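Worksheet for the structure shown next.
Please read these numbers as outputs of a predicted model, since none were measured by experiment. Throughout, numbering of the chain's residues begins at 1 and tracks the sequence.
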Amino acid sequence: MTSDTREPAAPTLQPRNAPARVSFWSAASGIGLIVAVVVTPMFWLPYGNHYTFALLMFGAVAVPAGHLGRRRGKRPDARDRGLALFGIVTGWLLILVSLLVFVVFTGTLAALGLLFGTLD
């Protein structure tokens, strides 16, 4: 007895837990961010004004660059529009944080001046 039906082939097994491939730059960026979080408070007291100014300037560069990236992302062969959006959001957050730090620092100095009687 012959039959034209064939048995289905066994499915090929793919490894379920394949190791993630991480580029060198991604790993270096992650390590750099961890180091920056640890080191930044140590530089805040002597260089706080420079740090705040750098936050403001980086934000001022990131916002227009992100908008330019979103605009270029509309081309048919373009990609990474999400990265451009991330630049826009991050830039505005940097500007907001730098302005907030400036207001808090100025308010603290004014409060200390009033507390110790140096300001009238």
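There is no path of hydrophobic side-chain contacts, each under 4.5 Å, that joins Val63 to Leu85. Hydrophobic clustering, with ILVMFWY side chains joined whenever heavy atoms are under 4.5 angstrom apart, keeps Val97 apart from Leu100. If you chain together hydrophobic residues whose side chains sit under 4.5 Å apart, Leu56 and Ile88 fall into the same group. Phe102 and Leu55 fall into different hydrophobic clusters, where Ile, Leu, Val, Met, Phe, Trp and Tyr are joined by side-chain heavy atoms under 4.5 Å apart, directly or via other members. When hydrophobic clusters are built by joining Ile, Leu, Val, Met, Phe, Trp and Tyr residues whose side-chain heavy atoms come closer than 4.5 Å, directly or via intermediates, Phe53 is grouped together with Leu99.
Interatomic distance, Tyr51 OH to Ser98 OG, rounded to the nearest 0.5 Å: 10.5 Å.
Looking at Thr90, its side chain never comes within 3.5 Å of a backbone N or O of Gly87 through a donor-acceptor pair.
Side-chain contact between Ile95 and Trp92 is present, with at least one heavy-atom pair separated by less than 4.5 Å.
Taking every heavy atom of both residues into account, Gly69 and Ala84 meet most closely at C-CB, 3.7 Å.
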